[in-house]
> 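Here it is, the structure, as structure tokens.
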Amino acid sequence: MQNILDILKERGLLDNVTSENVKEALKSPVTVYAGFDPSSESLQVGNFVTIMALGHFQRCGHKVIAVVGGATGMIGDPSGRTGERSLLSVEQIEHNQVGISENLSRFLDFKHSTAPARIVNNYDWLGQFSFITFLRDIGKHFRMGVMLGKESVRARLESESGMSFTEFSYQMLQAYDFLKLYDDHGCTFQIGGSDQWGNITAGTDLIRKLRGIEAYGVTLPLVCDSTGQKFGKSEGNAIYLDHRKTSYYDFYQFFVRTADADAARFLRIFTFLPLSEIRQYEEQVKKEPEKREAQKRLAEEVTRMVHGERGLKVAVRASSVLFGEAMDDLRAEDLMDIFANVPSVELPDSKVAGAGVIDVAVMSGLCKSKGEARRLVESGGLYVNNRRVDGIQSVIKPADIVDNRVVVLRSGKKTYHLLKVT
RNA sequence: GGUGGGGUACUCAAGUGGCCAACGAGGGCAGACUGUAAAUCUGCUGGCUAACGCCUUCGAGGGUUCGAAUCCUUCCCCCACCA
């Protein structure tokens, strides 16, 4: 079997390794882990790089462990951050852990014959420590010089915002995670984004000191698009894996809108398609960029992986309707189905028919305030059932309510909200 | 603990008594052009209002003043140096 390290490299998923022995160590099955921070109730496409890497590891016969940071999430990882973050409440973190675990369960194979995946929560071990015990048993093995030298610490100390002791201590916790996973599961590999380098090496150092063996780290690149923007944001919002936060349609569309220059690279990173096939798409993008074949395939593959055939079907159908056919001959049934995952509100008929289009835009949640709605209409960006609203005085006519049940509101080219009339 | 610097809208950052809902930049939203791409250009970017205008906002609370983001005072927080 091909060495996992080569696979990561040829797919653009490799940034750095902690030791030159990494490739050798990967020739036989190992146990590898990656951590996920419960700072949000759902993972985002930004987490995809790590998830894909774990997937490749598992496909190569290695055991994978996903760690949900129930404890570390309470402290806050300073890596890659320019300022201290505000603490989340315990309830929020607990709530988020559930969502993250659910997300992860869609990618990892727990029934794998030889290398079933597992999900663990570091609160289970870190939550038990007393402060004194931790400082005596673990803290004693950390040297100030090394800790201060970490990029995550240095950058912050040099900045205006500084850093609290709480965040400074973070690296010890993540290092302990690695040690614990080594003890309990024989885990000798950790993977993570390139910003995790400091935390990962803190772990390999700790294991070397306390167990006398070499543990390894592999970092993954920070994926940016061709304009240098960090991958994973659309219109300033993160793209979530939870369909309640990012609809099937929006999720699919995010990938369809990938720039030509990024299409092939993203296919390598975010899908398991064979490289030979990806090369064909690469040619296709050069010859007939306007067809967007590569982007469509990318969106299809990723959406299927995250939302299954059903989610994909909904997204594709919605896309073809919204970008092709007119909406006029569609029934309420169809619209409800197509927009099943678009934000919607239910309102009584009395509040919709005859209501000003400005009020309706606000009620539906499409605009945050009347002022915003007014400005949107004035710039010609508000549509009712895909027809541009031509003035702030416009009202919703009974005929605008499709089958007396639904009104489709749109802001600009891509943001839809649904009004269900009851 | 001492000394000095700082906290302004989503972010950075001007503003040091009325011309300030607050310069500018970035971001965001929308429009035009396009291929649902990129680049470019244009408008908007606290709330309410059709509009005149009104209301809330410059770390928090008091105060001075006809009038405060700007002055005084107390408190909170951050940074640097010293201890």
Side-chain angles (χ1 to χ4, degrees), chain A residues 78 81-87 153-168 224-239 247-267 281-282 284-300 303 315-325 338 355-359 361-363 365-384 386-395 409-417:
Chain A
R81 294 192 145 246
T82 53
E84 186 88 6
R85 67 162 99 181
S86 43
L87 291 173
V153 174
R154 230 182 37 221
R156 281 280 288 282
L157 291 181
E158 281 164 12
S159 80
E160 278 293 291
S161 54
M163 180 180 227
S164 67
F165 176 74
T166 302
E167 289 199 5
F168 173 65
C224 292
D225 64 24
S226 51
T227 62
Q229 293 299 303
K230 199 170 159 186
F231 170 83
K233 295 276 166 80
S234 164
E235 288 131 43
N237 300 314
I239 301 293
S247 70
Y248 298 139
Y249 168 75
D250 285 333
F251 185 90
Y252 176 85
Q253 283 292 320
F254 171 76
F255 287 95
V256 169
R257 293 194 186 103
T258 300
D260 296 350
D262 297 321
R265 188 162 57 95
F266 285 3
L267 277 170
Y281 279 109
E282 203 163 4
Q284 170 84 78
V285 170
K286 278 182 201 145
K287 271 188 290 187
E288 299 175 291
E290 70 283 358
K291 286 198 170 173
R292 316 181 64 78
E293 298 286 354
Q295 284 92 332
K296 282 178 192 158
R297 186 62 193 273
L298 173 67
E300 181 191 325
T303 307
V316 171
R317 176 120 185 275
S319 298
S320 71
V321 167
L322 299 180
F323 286 98
E325 309 150 35
I338 290 165
V357 78
I358 299 293
D359 295 312
V362 175
M363 284 190 287
L366 187 69
C367 295
K368 282 199 286 293
S369 67
K370 290 189 177 186
E372 185 182 315
R374 211 173 288 132
R375 289 190 290 268
L376 183 64
V377 173
E378 277 164 1
S379 62
L382 181 67
Y383 300 77
V384 171
N386 274 357
R387 234 174 266 118
R388 180 178 278 179
V389 173
D390 56 12
I392 54 178
Q393 304 289 0
S394 296
V395 294
L409 296 170
R410 186 178 115 207
S411 161
K413 290 192 181 73
K414 27 195 174 184
T415 311
Y416 286 85
H417 274 238

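Chain A is the first sequence line, chain B the second, and so forth, proteins listed ahead of strands; every chain is numbered from 1.
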> Without decimals, in angstroms, what is the distance between A/L382 CG and B/C44 C1'?
15 Å
> Give a yes/no on whether any side-chain N or O of A/Y249 is located under 4.0 angstrom from OP1 or OP2 of B/U36.
no
> If you look at every strand shown and take non-hydrogen atoms under 4.0 Å, does A/K291 touch a base, only sugar-phosphate, or nothing?
nothing
> Between A/R292 and B/A37, does any side-chain N or O lie under 4.0 Å from OP1 or OP2?
no
> According to ring-ring contact (aromatic ring centres under 6.0 Å, His included), who are the partners of A/Y249, at least two apart in sequence or on a separate chain?
none
> Could you tell me whether the phosphate oxygens of B/C48, OP1 or OP2, come under 4.0 Å of any side-chain nitrogen or oxygen in A/S369?
yes
> State the pairing partner of B/C54; accept Watson-Crick or G-U wobble contacts with both distances under 3.5 Å, and report none otherwise.
B/G47
> I'd like to know if the side chain of A/R410 reaches the main chain of A/G412, judged simply by a donor and an acceptor atom lying under 3.5 Å from each other, with no hydrogens or angles considered.
yes
> Which base sits across from B/A32 as a Watson-Crick or G-U pair, both distances under 3.5 Å?
B/U40
> Taking only side-chain nitrogens and oxygens of A/S411, does any of them come within less than 4.0 Å of OP1 or OP2 of B/A30?
yes
> Which nucleotide, in any strand shown, forms a Watson-Crick or G-U wobble pair with B/C71, with both distances under 3.5 Å?
B/G63
> Students often get this wrong, so: under 4.0 angstrom with heavy atoms, is A/R388 touching a base, only sugar-phosphate, or nothing?
sugar-phosphate
> Base, sugar-phosphate or nothing for A/Q253? Non-hydrogen atoms, less than 4.0 Å.
base
> Side chain of A/S379 only, please: which of B/A50, B/A38, B/A30 is the nearest?
B/A30
> What nucleic acid atoms does A/L157 come within less than 4.0 Å of, heavy atoms only: base, sugar-phosphate, or nothing?
sugar-phosphate
> Does A/Y252 have any ring-ring contact (aromatic ring centres under 6.0 Å, His included) partners at least two apart in sequence or in another chain, and if so, which?
none
> Once you apply a heavy-atom cut-off of 4.0 Å, does A/Y252 come out as touching a base, just sugar-phosphate, or nothing?
nothing
> Taking atom P in both B/G17 and B/A51, compute the distance separating them and give it to the nearest angstrom.
35 Å
> Between atom CD in A/E372 and atom C1' in B/C48, what is the gap in whole Å?
14 Å
> Rounded to the nearest Å, what distance is computed from the CD1 atom of residue A/I358 to the P atom of nucleotide B/C48?
11 Å
> Does a side-chain N or O of A/R375 approach OP1 or OP2 of B/U49 to a distance below 4.0 Å, or not?
no
> Rounding to the closest angstrom, what is the interatomic distance between B/C10 and B/C82 at atom P?
37 Å
> Determine which nucleotide pairs with B/G4, using a 3.5 Å limit on both distances of a Watson-Crick or G-U wobble pair.
B/C79
> Could you state the atom-to-atom distance from NZ of A/K414 to C1' of B/U36 in whole Å?
7 Å
> Could you work out the separation of B/A60 and B/U8 based on their C1' atoms and round it to a whole Å?
15 Å
> Among B/G35, B/A37, B/U34, find the nucleotide with the atom closest to the side chain of A/A259.
B/A37
